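Heavy-atom basis, side chains included; hydrogens, waters and symmetry copies ignored. Quantities reported herein were computed from a predicted structural model and do not represent experimental measurements.
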Amino acid sequence: MGAPRGLIPFSKTPISIATNRPDKQQLYVISPLIVILLIISFWFKLAIILAILFGIIGLIIERRIRLKNCTPLAVNLNHPFMETDSVSDSEVMVKFSDEWINPGIHRLKLARDPIIGWMVHKQDGDLSILSAWDTKWSEANLSKQLAIINQAISLNNAVNDSNDEFEDARVRESQDSILLEREWIPEEELELQGPISRFFTSE
């Protein structure tokens, strides 16, 4: 199921395309180099080792691109990720399970439920559950995707002049005892004026 009508998947936003460009350029260089090394390996056996090494590097880069492209996020044309002037309200939607939903104005937090699995909570006063996250990505990769989503929510609030009460939620959360049995995942902060790709340079 594609993005809701009128919204653009994160993978097709200008900011995503820009951060993927260096990785794709590296793949354009590595791919023909591997072919050349495989041909040379008929005469120099050492070349096959280099070809395998570059192949592994290429797979790592391709996986990094795929991780960014499958971030479950969509925005409308007025969102800052589109790098255009806003003429109306900005919109953000996320898809952690079967349906696209509006995450609201609060930033999100990742937790592991011992029974259900990965859960996404709103950082509101009650740490209310937004959705289960049906995914096979690792914890580290989910944290990277959630960092992008939280940045999208923060920018969405800025455009719409929304009050996300983020700091108040942090204080309440530290005093909360209802969800102590869950394993909370450390948050990663994403600079608003920095390349998103830095979150995908190490896996």
Is a side-chain N or O of [X] found less than 3.5 angstrom from the main chain of [Y], in a donor-acceptor match?
X	Y	answer
Thr71	Lys68	yes
His79	Leu155	no
Asn157	Ile105	yes
Thr13	Phe10	yes
Asp113	Ile115	yes
Ser154	Asn150	yes
Asn78	Asp89	yes
Gln145	Leu67	yes

Please round to the nearest 0.5 Å and tell me the distance separating atom [atom1] of [X] and atom [atom2] of [Y].
X	Y	atom1	atom2	result
Trp137	Lys144	CH2	NZ	10.0 Å
Leu110	Leu142	CG	CG	6.0 Å
Leu127	His106	CG	NE2	10.5 Å
Leu27	Ser31	CG	OG	5.5 Å
Ile8	Leu77	CD1	CG	4.0 Å
Leu146	Asn141	CG	CG	12.5 Å

Just jot down the side-chain hydrogen bond (donor to acceptor under 3.5 Å, both in side chains) partners of Asn69, sequence neighbours excluded, or say none.
-> Asn20
Residues Phe54, Leu59; criterion side-chain contact (heavy atoms from CB on, under 4.5 Å); working and verdict | CA-CA 9 Å; Phe54 280 111; Leu59 289 175; over 6 Å; no
Apply the test side-chain contact (heavy atoms from CB on, under 4.5 Å) to residues Glu62 and Ile57: give CA-CA distance (whole Å), side-chain angles for both, the deciding distance (0.1 Å), then the verdict.
-> CA-CA 9 Å; Glu62 188 276 334; Ile57 295 173; over 6 Å; no
Looking only at non-hydrogen atoms, find the nearest pair between [X] and [Y] and report the distance.
X	Y	answer
Ser131	Ser97	OG-OG, 3.6 Å
Ala132	Ile116	CB-CG2, 4.3 Å
Ala3	Ala74	CB-CB, 4.0 Å
Met93	Leu7	CG-CD2, 3.2 Å

Non-hydrogen side-chain atoms of Asn76 and Ser90 separated by less than 4.5 Å = yes
Check whether any side-chain heavy atom of Phe81 sits under 4.5 Å from a side-chain heavy atom of Ile148, and report yes or no.
-> yes
Taking salt bridge (Lys or Arg N to Asp or Glu O under 4.0 Å) as the test, write out the residues that go with Arg21, two or more places apart.
-> none
Step-by-step side-chain contact (heavy atoms from CB on, under 4.5 Å) determination, Asp134 to Phe96 | CA-CA 6 Å; Asp134 183 15; Phe96 296 117; over 6 Å; no
Quick one: do [X] and [Y] end up in the same hydrophobic cluster if we chain Ile, Leu, Val, Met, Phe, Trp and Tyr together by side-chain heavy atoms under 4.5 Å apart?
X	Y	value
Val29	Ile34	no
Ile56	Ile65	yes
Ile61	Ile17	no
Leu33	Ile48	yes

Output every pair passing salt bridge (Lys or Arg N to Asp or Glu O under 4.0 Å) with a member in residues 40-52, not counting sequence neighbours, ordered by first then second residue.
-> none
For Trp118 and Arg112, what are the C-alpha separation, side-chain angles and deciding distance, and is it a side-chain contact (heavy atoms from CB on, under 4.5 Å)?
-> CA-CA 5 Å; Trp118 293 114; Arg112 187 196 296 274; 3.1 Å; yes
Results of side chain to side chain contact (heavy atoms under 4.5 Å, CB included) for Pro103 - residues two or more places apart only = Val92, Val94, Leu108, Leu130, Ile153
Could you list the residues that satisfy side chain to side chain contact (heavy atoms under 4.5 Å, CB included) with Pro14, not counting sequence neighbours?
-> Met82, Glu83
Is Ile39 isolated, or which residues cluster with it under the ILVMFWY side-chain rule of less than 4.5 Å, directly or via members?
-> Val35, Ile36, Ile40, Phe42, Trp43, Phe44
Are any of the side-chain nitrogens in Lys95 or Glu99 under 4.0 Å away from the carboxylate oxygens of its partner?
-> no
